[in-house]
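Shown next, in structure tokens, is the structure this report addresses.
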There are 2 protein chains.
Amino acid sequence: MAGQAQYEELVRQLSAVGAVRRDLARIMPPDCPAGSGAVLTILDVHGDMRMSKLAEHLAVDLSVTSRQVAHLVARGWIERLPDPVDKRSRILHLTPAGLDRLDDLFRRTTQLLAERLSDWSDDEVGQLIHLMSRLRESFGDCRPHPGRVHAPADAPVIEETTRTPANAHT
Amino acid sequence: MAGQAQYEELVRQLSAVGAVRRDLARIMPPDCPAGSGAVLTILDVHGDMRMSKLAEHLAVDLSVTSRQVAHLVARGWIERLPDPVDKRSRILHLTPAGLDRLDDLFRRTTQLLAERLSDWSDDEVGQLIHLMSRLRESFGDCRPHPGRVHAPADAPVIEETTRTPANAHT
DNA sequence: TATTGTTATACTCTATAACTATA
DNA sequence: TATAGTTATAGAGTATAACAATA
């Protein structure tokens with residue numbers, strides 16, 4: 001059990017690591033952005049699965065997964081096969097072209113990481129992987145669900161800007 | 001220097017940790033979303049600074065920072081003070097109301113983390129913080145800049161969907 | 001001319017809600 | 001009625017480019 005100061009610092013670091021994610025995303029090809037790579041990776045690691053299972057892995061809503069999958073199907077990187085035991089379901093399958101694409105993605109990210117982490121030891125990288133993996137596990141199934149309630153907003157606010165009147169040139 | 005397999009796994013874990021970030025973002029009040037907290041935090045930790053410095057801390061484009069700051073100024077959580085030595089510049093200052101807001105945010109995230117990480121030792125949390133901080137440092141100033149080039153896109157693709165013709169009901 | 005910041009625009013990611021098809 | 005998946009819509013995050021003011 002850690003102290004409040006540690007938790008605050010952890011939140012700061014989670015936010016800061018976002019910059020690393022963005023840097024990695026920037027070297028992706030434009031037709032295969034951020035989330036697409038994640039989908040391909042999961043299918044590569046865990047094999048064929050249905051939409052709902054994929055959404056669980058990604059920890060996002062099924063509607064998000066549906067869009068991402070449509071994008072990948074349109075490019076021929078994955079297929080949606082019928083499920084013999086449930087006609088509502090669709091089995092997702094990584095195609096050879098998708099595997100090629102994935103190899104390309106890994107080549108890009110590996111190269112960038114090799115540059116940036118040239119002074120990291122094998123063991124240090126392993127520890128970071130281990131701890132991040134454990135962090136993810138500790139949060140379990142953290143997809144959105146209706147149970148959670150947000151705090152009410154404060155009084156309404158006028159979005160003002162200091163220098164330029166909002167409607168000076170309309 | 002780590003191997004390719006480790007780098008691939010690191011990318012996967014960076015992606016997976018996104019679920020944790022989203023879970024934390026979900027408990028934020030609606031009028032103080034994701035990035036707003038990050039801005040308040042940085043001003044709290046590092047004190048007053050100008051826009052460009054803040055953008056550097058956040059590792060985002062100045063235009064992004066400008067929008068986020070305008071949001072926070074509209075709510076009275078930060079102020080834009082004139083810079084006595086450079087009239088182009090504006091010094092950002094956290095207000096007492098902003099500090100109150102920040103306390104509220106920390107209370108929320110700390111509570112969630114205390115629940116999720118109840119079986120983590122103080123030392124383990126410390127190690128994760130240390131390694132993530134080091135990861136961020138290894139990437140240095142990784143803001144977008146024109147030097148980087150993306151790979152050209154493949155042949156154009158028709159975004160098709162399997163079940164519903166795209167324009168069946170327009 | 002270069003720098004600081006703002007704004008317009010566009011695209012990705014994510015969520016909620018309404019809908020269709022099947023169980 | 002409940003579940004699997006799709007689509008429409010909306011909001012946050014981020015980037016590029018055009019712009020204004022100052023150095």
Side-chain angles (χ1 to χ4, degrees), chain A residues 15 18-19 21-23 25-26 28 30-39 50-56 58-71 73 80 82-83 85-92 143-146 148 150 159-170, chain B residues 15 18-19 21-23 25-26 28 30-39 50-56 58-71 73 80 82-83 85-92 143-146 148 150 159-170:
Chain A
S15 168
R21 284 189 326 108
R22 288 196 296 278
D23 209 28
R26 237 169 256 129
M28 295 293 180
D31 61 338
C32 188
S36 296
V39 171
R50 48 161 64 185
M51 296 285 307
S52 48
K53 197 68 188 171
L54 178 60
E56 194 182 316
L58 293 168
V60 297
D61 190 83
L62 189 54
S63 66
V64 175
T65 308
S66 184
R67 268 196 177 283
Q68 288 176 326
V69 163
H71 181 88
V73 168
R80 285 187 276 212
D83 184 341
V85 306
D86 186 343
K87 281 187 199 156
R88 297 171 304 180
S89 167
R90 317 180 77 173
I91 305 298
L92 304 174
R143 283 178 295 174
H145 50 83
R148 306 268 178 74
H150 277 182
E159 290 284 347
E160 48 176 284
T161 176
T162 314
R163 279 178 175 156
T164 316
N167 43 12
H169 41 64
T170 52
Chain B
S15 167
R21 284 191 325 110
R22 288 196 297 278
D23 211 27
R26 236 170 255 127
M28 295 293 180
D31 61 337
C32 187
S36 297
V39 172
R50 49 162 62 186
M51 296 286 306
S52 48
K53 197 70 187 170
L54 178 59
E56 193 181 315
L58 293 169
V60 296
D61 190 84
L62 190 54
S63 66
V64 175
T65 307
S66 184
R67 269 195 175 284
Q68 288 176 326
V69 164
H71 180 88
V73 169
R80 284 186 278 213
D83 183 341
V85 306
D86 184 344
K87 281 185 199 158
R88 298 171 303 177
S89 167
R90 316 179 77 174
I91 304 299
L92 305 174
R143 283 178 295 173
H145 50 83
R148 305 267 178 76
H150 276 183
E159 289 284 349
E160 48 177 283
T161 175
T162 315
R163 279 179 177 156
T164 315
N167 43 11
H169 42 62
T170 51

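Chain A is the first sequence line, chain B the second, and so forth, proteins listed ahead of strands; every chain is numbered from 1.
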Are any of [X]'s side-chain N or O atoms less than 4.0 Å away from OP1 or OP2 of [N]?
{"X": "B:Arg26", "N": "D:dG11", "value": "no"}
{"X": "B:Arg67", "N": "C:dA8", "value": "no"}
{"X": "A:Ser52", "N": "D:dG5", "value": "yes"}
{"X": "B:Thr65", "N": "C:dG5", "value": "no"}
{"X": "B:Gln68", "N": "D:dT14", "value": "yes"}
{"X": "B:Ser89", "N": "C:dG5", "value": "yes"}

### Message
Between A:Ala34 and A:Asp61, which residue's closest nucleotide on DNA chain C lies nearer the 5′ terminus?
### Response
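Counting from the 5' end, the first nearest nucleotide belongs to A:Ala34.
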### Message
If you assign B:Asp86 and A:Ser63 each to the DNA chain C nucleotide with the nearest heavy atom, which residue ends up on the more 5' nucleotide?
### Response
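Counting from the 5' end, the first nearest nucleotide belongs to B:Asp86.
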### Message
Applying the salt bridge (Lys or Arg N to Asp or Glu O under 4.0 Å) criterion to A:Asp83, which one of A:Arg88, A:Arg90, A:Arg50 satisfies it?
### Response
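Of A:Arg88, A:Arg90, A:Arg50, salt bridge (Lys or Arg N to Asp or Glu O under 4.0 Å) with A:Asp83 is met by A:Arg50 alone.
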Shortest side-chain distance from [X], nucleotide among [options]:
{"X": "A:Val60", "options": "C:dT14, D:dT7, C:dG5", "result": "C:dT14"}
{"X": "B:Met51", "options": "C:dA23, C:dG5, D:dT16", "result": "C:dG5"}
{"X": "B:Pro144", "options": "C:dA15, C:dT4, D:dA15", "result": "D:dA15"}
{"X": "B:Ser66", "options": "C:dT7, D:dT7, D:dA23", "result": "C:dT7"}
{"X": "B:Leu62", "options": "D:dA23, C:dT6, D:dA4", "result": "C:dT6"}
{"X": "A:Arg88", "options": "C:dT14, C:dA21, D:dA15", "result": "C:dA21"}

### Message
Has B:Arg21 got a side-chain atom pairing as donor or acceptor with A:Gly18's backbone, closer than 3.5 angstrom?
### Response
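Here the side-chain-to-backbone pair does not exist.
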Measure from [atom1] on [X] to [atom2] on [N] and round the result to the nearest Å.
{"X": "A:Leu92", "N": "D:dG5", "atom1": "CG", "atom2": "P", "answer": "8 Å"}
{"X": "A:Arg90", "N": "C:dA23", "atom1": "CZ", "atom2": "P", "answer": "14 Å"}
{"X": "B:Asp31", "N": "D:dG11", "atom1": "CG", "atom2": "P", "answer": "15 Å"}
{"X": "B:Asp23", "N": "C:dT14", "atom1": "CG", "atom2": "P", "answer": "13 Å"}
{"X": "B:Leu54", "N": "D:dG13", "atom1": "CG", "atom2": "C1'", "answer": "15 Å"}
{"X": "A:Arg22", "N": "D:dT16", "atom1": "CZ", "atom2": "C1'", "answer": "16 Å"}
{"X": "A:Met28", "N": "D:dT14", "atom1": "CE", "atom2": "P", "answer": "17 Å"}
{"X": "A:Arg80", "N": "D:dT7", "atom1": "CZ", "atom2": "C1'", "answer": "12 Å"}

### Task
With rounding to the nearest 0.5 Å, note down the distance linking CD in B:Glu56 to CZ in B:Arg143.
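Result: 5.0 Å between the selected atoms.
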Contact check, side chains of [X] and [Y], non-hydrogen atoms, under 4.5 Å:
{"X": "B:Arg80", "Y": "B:Leu92", "value": "yes"}
{"X": "B:Gln68", "Y": "B:Leu58", "value": "yes"}
{"X": "B:Val39", "Y": "B:His71", "value": "no"}

